[in-house]
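See below for the structure under consideration.
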Amino acid sequence: MRVSTRRPAAPDEPRLPRTDEPTILLVEDDAGDALLVDELVADAGSPMHLTWARSMRDAEALLAEGLEPDCILLDLHLPDAHGLEGVARIQGQAGTAAVVVLTGLAEQGSGLAAVAAGAQDYLVKGRVEPELFERAVQYAIQRKQAEQAAAALQASQIRAQENARLERGLLPTPMLAASGQLDVAARYRPGRAQSVLGGDFYDVVQTADGTVHVLIGDVSGHGPDEAALGVGLRIAWRTLVISGATGPEQLRLLERVLVAERTSAEVFATLTSIELDPDRRRMRVMRAGHPGVILHHRDGAELLEVEGGLALGLVPGEATWPVVEHRLDAGTGVVLFTDGLFEVRTGERERLGEQGLLDLARGAAGLDAEEFVDLLVSRAGELAEAHGGLGDDVAVIHVRWTDENDEDA
Amino acid sequence: MELSLTSRAEGPFEVLAVGGEIDVYTAPKLREAIVAAVDAGRTRLIIDVEQVDFLDSTGLGVLVGALKRVRGEGGSLDIVCTHERILKIFSITGLDKVFGLHDSVPAAVSSHDA
């Protein structure tokens, strides 16, 4: 391998390219053709840094050593790589570099084929003036950058669509036996890392006996895997509820699903579930490593943090979850939420905290359910605004029996 | 906010003192330190979170993963924590019953005297 550099340099000066000069890697086995390119570089109006590799293997070795060319000039007749195969190979090694192929006079067709296969341009050997050469190299680099920007944009659009699909899976339409019995207000706001969905999920299912089952949960970590697991757990929970599994048995089975589906043994899920008895005066609460619920009374709010058990998946098969019964006053709404709502940063080292959230809820107690959850989520977002925005996803669900039967109390 | 991490030997124990915030962004650093200690045969870990301001679910996952890892090697994991806010996170998740929680590093060390 021979490396030539065009910059007039003192012998002991490190041969590192300057960032304002494009770095060009010439892959060419013919010394005469290489000399022509060397002269084109020398005659070009602006400085370029040229490195010469005599074969594909030499080029690959240079790339592996850390050479990051802006543009690769590739001969299509190398001893160890031929035609389009060479284009594919060099692109695989240097994905961010523009590729310009060098063809002979009689083979412009293969130049076009190389462009169709992803090269940015082709030049015909011996038919290139310095000015054209310089412009071709500059254009190829620009074109490559534009292609990469377009590809990144497309990837982010696909990701947004995937997120939207996952979000629909995480946040379903309540499954209610009859309409007009229950008011449900739910909100979900993704955290500041827009490209990454968290694994917050919720669900509402009413069984044939009239009991309303409500779930909120959070898969640890962030990302599409966690979000997909959240969807899986929500549907598993829905299935368990419909098929009659309740209480600790329900969570035990759900934990088995989690353990079978998770991508790493570190992943766990927290959740709080409630059952609203059809008598409208009782509810049963289970807590698995998840925060409690806020009881939204007409004239105030309180935090109900019942005794709970371990989050699902932490110590599989060992946890127990107490079912705690609680009296529900007429007109009281139950608010389930994920920790993103109170872990909001409100200062350099301060978080809103559960007490801060409760204060917010008390101040908003006079509002109806929709306004109430809107206020909680938007206030949390405003508080976080000065400190980088919501760091985590926020999910809130507010359920209350429709108040037609208030006099029954 | 950053995560700070120092480690020192305390007899047979490896003490990892953590400061700052353990969240989805910084937790991998803590995981690496734990894996490095266990790979080096240091399986009796004491993780001191006295200087930790915030711990999220990813951070908890790393601690649980550490517990599984050291137990698999016949080691132990103790946590030093007195801050109400962090203790609350352990109690909400039920992890206060899983981890040995102690007031100080000496207390964590002497809990193994028997």
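For clarity, every value in this text was computed on a predicted model and none was experimentally measured. A note on names: the letters A, B, ... follow the listed sequences, proteins ahead of strands, and every chain is numbered from 1.
- Within 6.0 Å of CD in Glu307(A) there are 12 or fewer heavy atoms belonging to other residues, nucleotides or ligands.
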> Does the side chain to side chain contact (heavy atoms under 4.5 Å, CB included) test come out yes or no for Glu266(A) and Val62(B), once each step is laid out?
Replying inline: CA-CA 6 Å; Glu266(A) 252 181 35; Val62(B) 168; 3.9 Å; yes

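- Taking each heavy atom of Thr93(B) and Leu314(A) in turn, the nearest pair found is O-CD1, 4.1 Å.
- Of the residues considered (His290(A), Glu343(A), Arg351(A)), Arg351(A) shows the highest number of contacts with chain B, using heavy-atom pairs under 4.5 Å.
- Counting non-hydrogen atoms of other residues, nucleotides and ligands closer than 6.0 Å to CD of Glu84(B) gives a total of 12 or fewer.
- Atom CZ of Arg256(A) has 12 or fewer heavy atoms from other residues, nucleotides or ligands within 6.0 Å.
- Options Ser57(B), Ala66(B), Gly94(B), Ala27(B) differ in how many heavy-atom pairs under 4.5 Å they form with chain A, and the most are formed by Ser57(B).
- Heavy atoms closer than 4.5 Å to chain A are found nowhere in Leu63(B), neither backbone nor side chain.
- The contact between Glu354(A) and chain B is made entirely by side chain atoms (from C-beta outward), counting heavy-atom distances below 4.5 Å.
- Remark: Glu249(A) CD is packed, more than 12 non-hydrogen atoms of other residues, nucleotides or ligands lying under 6.0 Å away.
- For the pair Arg287(A) (side chain) and Ile92(B) (backbone), a donor-acceptor distance under 3.5 Å is present.
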